[in-house]
Each structure stands twice: as C-alpha cells, then as structure tokens.
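In what follows, a structure is listed as structure tokens, so that the remarks can point back to it.
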Amino acid sequence: MAQLDISSIKKDFPLLSQGGPGKKGVPRLVYLDSAATSQLPLTVINAMEHYYSTTHANVHRGVYTIAEEATRLFEDARLKVGEFINAPNPEREIVFTKNVTESINLVAQSWGRGNLKPADVVLLSEMEHHANIVPWQIMASQIGFEIRYLKITDDGYLILDDLKRQLDGVKLVGITLMSNVLGTINDISEIVAMAHDAGALVLADGAQFVPHLPTDVAQIGCDFLAFTGHKMLGPTGIGILWAPTDILDKMPPFLGGGEMIADVTLEGFRPTEIPWKFEAGTPPIAEAVGLLEAVKYLKNIGMSKIREHEIEMIEYTFDHLKKRFGDDLSIHGPKDAKHRGGVFSFAYKDVHPHDLAQILDSEGICIRAGHHCAKPLMRRLGVTSTARASVYIYNDFNDIVALGDGLGKVKDIFG
Amino acid sequence: MTPDLEDLYREIILDHYRNPRNTGELKSPPAIRTVGFNPLCGDEITLYLDIEGDILKDVKIDIRGCSISQSSASMMSEAIKGKHIAEIQQFIQSFKSMMSVHKAQLAGDETSTQGKLADNDPGEVDDNLDDDGIVEQTLEDSKLGELTALRGVVQFPVRIKCATLAWNTLIQGLEEVG
C-alpha cells in the first residue's frame, strides 16, 4: 500500500468501525460490497445533517435566505460533479436524477422517442446491467426497433472484431464502462470512434467506473454518461446524467411537473432551460449536498491514487486466494488487473453463492450473492448466480485475508 | 461454526444437498411439469408430478439451487411420493406453518386454501389468517419427520424463499390438476 493510508481512511467511515451487527465474536465488519453501494464518510453524513439542521428549504423558489442558500448548495453540487468528470459546461450538462436506472430511462424515453425509428438498431452488450437493457426493450416494444448485443469472450472481454458490421443501422450504442459482474473495463475509446464513424451516439454506463477511476468525458468521447451518488461515497437517491448541451437542448422533457417549466397554461406548457428541463418536481437536495461532499472527499484523495490502490488490491486478492485455494476457487472476468476494476465474481467449487455468502456473513463479511441484475450475462456464463466481492478505498489486504478465512469456513462445511 | 449456522447447515440438510433424492424428469404429459423461480437469486426448479386418481404415483425434480432449496426439494419429494393428494395438502400446510415467523402466518391469496407459502418478509404477518381453518388441518411436527431439520431457516429470513421454492412449485402443480 504505497500510496494510501487505508487505516486512516477507514476511520473516516463510521459504519466500518463497528463489529458485525448482532454477530457474537465478530470483531469488525468486513465490507466487500461497494459495487452494490459504498459506505459514507462522516463528512458526507455531517454535511447532510448540517443542511437539514440549518439550511433546508426548497430550491429555485423562495426569496428568503435559507432558500437561496439551499439553491446555491444544490447548484454548487451540480458544478462540482460536472468538474469531477471534466464536463465542458458543468452548470448546464449535469442532470440530477434518482439513480443510474432513471438516467438511462431518461435517455431511452426522451432521446429515444425523438430519434429512434422502426428500422433503427440499438447496440448493447451481453454484459449490461438490466438498467441498460430493459429501458431499451420497453422502447423497442413501443417503436419496433431492433436491439443487437455485442458478445463476450469466455474470459469476459467484449468481442469487437466484428464491430464495424455490427454497427450497421445502429443509432445508439449503450455500453457499460465497467462490468458490475466481471469487472471488465471496456475499451470505450475504440467503440466511440467506430460508433461515431457510423453515425451512432454512445451512452456509457459509468455506475461502476466513475467511482473508481479518473473520468474525463472529453477523453471518453461518449455522448451520454450515467452514474450514481451512492456508489461513490454519497447518499442513495441521487443519480447523474451527463450529455453535451447541444444534445440535451434538442431532447424533449422526460417527466413533467413543477421545476421543469417556463410557462404553463390550460392549453399547454413551455419547458424551461437545461438542465432543469429534466428535473421535474422537488429534486434530491440534501442528497446533492451529500454528493458534493463525497466528490470533495474523492478529489482530496485523488482518483489516480484510488485506481492504483485498487490495482494493488486486485493483484493481492488473486494472488492470495489462488495460493490458499488453488483451482477450487475460480474468478470470472479478466485476470489482468489493468483491464479490470475491483469487483470480482467468484465460485468456490460448486458451493452455491447463497450458501457461500451466508457463511461469510456469520464472520461479519459482506459480499453479494445473486444475479447482480445481469441475467443475460448469467446465462452466458452458464450459471444462475455468482458470489461477488468488491473493494474500494477503505479496503485493505486484511479484508482479503478475512475473506480467505471465511472461505476456509465454507470449505469446512461443504468440503 | 456459530450456533446460528449450525441450525441452518444441519447434517441431514447437507446429506440431501449432496445426495438429492428423486432427481430427474418424467415424461410430460402424462406427468404434470411445473417450473418455479426464485427471482431473488435466479434459482430454478422443474417439478414433475405423476398423479393417478388421488395418489401421487411418482415425483421427479430437476433443480439448480442452493443447499437449502435443494435439500428442501429432496425432502419434500420423499415426503409426498406415493401419498394421497389430501395428505400432501396437509404436508404443505404444515410446512407453511413451520416456515412462518408466526405459527400460522400465510401470505398471498387469502381466498385460496392453496395460497402461496410465507414470504420472506416478516412484516407481512397477517394474524387474521389464524381463523380460516387451514391451520387445523396441519400435521404434528412428528409427522413432518426429516423436514423439521429446515426449521432453523426461519432465523435467516432471506433464505425462507429458498426453502419454500419447491413447495410453491408443488402448489402450482397441484392447482393445475384442479
């Protein structure tokens, strides 16, 4: 751990300093499920509490002081989140949603309805989360366009050899930047270049990527980026959609109601400007305040250092578990840490993921078992579910040793 | 092993998991073929029931699941094979009761005596269902035999759906017979 002082970082997270809830003799919680949701540093919790205790008011309405302050905080969050991904016009290009799912639904419903015709194609991949499949299937059932899927290799890479032919007729490519099951970091630059050549836009699902790697939308080159607060040390209930102003400007509103209008008569309405045009109703204000603080925390540590730490963690995990369990333990997805993030699905012999996770829980170790909202990928892998562990800035080698010890217990019970 | 886990992974459960009984398929038709899913984890079961008159002549199970869902299915198949349908219904009710946080907790369709098994949400307890007469038909624990080994599952609410997967599929299959 050359770069980060993890024991000091751990102390910033109240939840991580407690013992396993209700578990006798479990000295501490080993949290290895940040791919599902990350824990919050005290600064984020305090910022939200402080906001509710001192400043809470609705935004973009009141002329009184705390309403102005709430609005200022909310818009400052937008600016800082935009800067975090190097958005060219952060004040106008960051749309706050509920989560990644809503961000992608916004694109599917608003951009999709305006731009997709029956003869068109939307190109996704076999490794997408349901959030980047179902919104397109809903639109396809209404409009009648085709959905095509990029296949993956057995070791979890997208097959791009045939991309040029696959792009025929495609209007939009929707691809995850990092698989939430395999950990694969996709070669998005190559996809973007070829998609743009073919006249297609690219939506990048950044749910797993943005919290863990330096993100620059200009460098990625995508046309839409969706990510979420609660996987990057922030609270639940706030997601983000980024798109450049020229694309957002042309899109019709998604949800209708308060906040998103310039004028309403009994006959109709005029939408307001972007980004508010896409933010109907009272937005997640306290959540934006929390997210603002989370972004500050991440920037303070540095995303490059976080990535370096996670590469060390991945290499240690593979090495440690391989040494202890040999071929009894198999890990899905790329083996090269440079091509993957710190989320890995694994199997111990033929022990079912539910049993595995249950035994680990008795040791205070939190991992995920299930299909991870990626059932098409499960079918491709030939399984119904996987066990999945994921690391973040507050995990260290000790957590991986604990995981190994827990798997030792699985071995004791199931052989 | 902590006491909690010992309750869950009893030797008899692990035995049925390692050596599941009545696995395979039956020709359908004549056998009734029913597929059940646990949407939480993607586990899947295909249940084959060969019913002659009011007797379940044969049962076969094809399941992909965890130790709890597999052992529950295996024990269920042993308990119901060769039995009268009425007796099987009693097994179902008894198992339901055992899997309920409250003795008589039943979830799902209140109007049907073959409502779905208890859900995994203890918050859905509906004590009014005590009065619908179903409970009176249930068997004593002693008659449930090996199946009582699954009693420990109720301490792990998320796993109740694993234990009830085969049984919910059985209910579905029997409803098809009418």
Side-chain angles (χ1 to χ4, degrees), chain A residues 19-27 33 36 129-130 134 181 332 345 347-388 405-415, chain B residues 1-20 23 35-47 61-74 99 120 122 149-166 169:
Chain A
K23 298 290 185 301
K24 282 163 275 175
V26 176
D33 198 18
H129 188 284
H130 295 165
V134 181
V181 174
H332 296 289
S345 287
Y348 176 76
K349 287 186 167 171
D350 59 351
V351 177
H352 192 279
H354 258 184
D355 290 316
L356 213 148
Q358 188 89 61
I359 294 166
L360 291 177
D361 173 61
S362 72
E363 301 289 294
I365 302 164
C366 311
I367 66 151
R368 174 88 187 268
H371 52 63
H372 317 294
C373 300
K375 288 194 86 171
L377 177 57
M378 294 294 116
R379 290 195 181 95
R380 168 63 181 83
L381 298 173
V383 297
T384 54
S385 60
T386 72
R388 183 188 75 178
D405 292 345
L407 288 170
K409 200 167 161 182
V410 173
K411 192 177 175 179
D412 290 344
I413 295 174
F414 282 95
Chain B
M1 241 206 253
T2 62
D4 283 357
L5 266 193
E6 272 169 13
D7 278 349
L8 189 64
Y9 295 119
R10 286 161 177 246
E11 201 43 56
I12 194 158
I13 291 178
L14 293 176
D15 175 57
H16 274 271
Y17 172 54
R18 292 186 185 115
N19 312 294
T23 57
V35 182
F37 293 95
N38 181 348
L40 183 75
C41 57
D43 283 355
E44 201 176 317
I45 180 172
T46 309
L47 180 69
I61 290 171
D62 180 16
I63 183 169
R64 292 179 79 179
C66 64
S67 61
I68 303 302
S69 63
Q70 292 214 36
S71 61
S72 181
S74 173
M99 282 299 119
N120 66 348
L150 286 163
R151 188 187 300 282
V153 172
V154 291
Q155 291 178 38
F156 302 85
V158 179
R159 303 302 291 277
I160 293 176
K161 277 204 169 151
C162 308
T164 55
L165 175 63
T169 311

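FYI, side chains are in, hydrogens and waters are out, and symmetry mates aren't considered; it's all heavy atoms of this structure. First the proteins, then the strands, lettered A, B, ... as listed; each starts at 1.
- A:Asp355 places no side-chain N or O within 3.5 Å of a backbone atom of B:Cys66 that could act as its donor or acceptor partner.
- Of all non-hydrogen atoms in A:His354 and B:Tyr9, the two that sit nearest each other are O-OH, 4.5 Å.
- Within a 6.0 Å sphere centred on NZ of A:Lys411, other residues, nucleotides and ligands contribute 12 heavy atoms or fewer.
- To the nearest 0.5 Å, atom CD of residue B:Glu44 and atom OG of residue A:Ser385 are 11.5 Å apart.
- We find the CD-NE2 distance between B:Gln70 and A:His352 to be 8.0 Å, quoted to the nearest 0.5 Å.
- Side-chain atoms of A:Ile413 and B:Leu5, non-hydrogen and from C-beta on, do get closer than 4.5 Å to each other.
- Minimum heavy-atom separation, A:Asp350 to B:Tyr17: O-OH, 3.5 Å.
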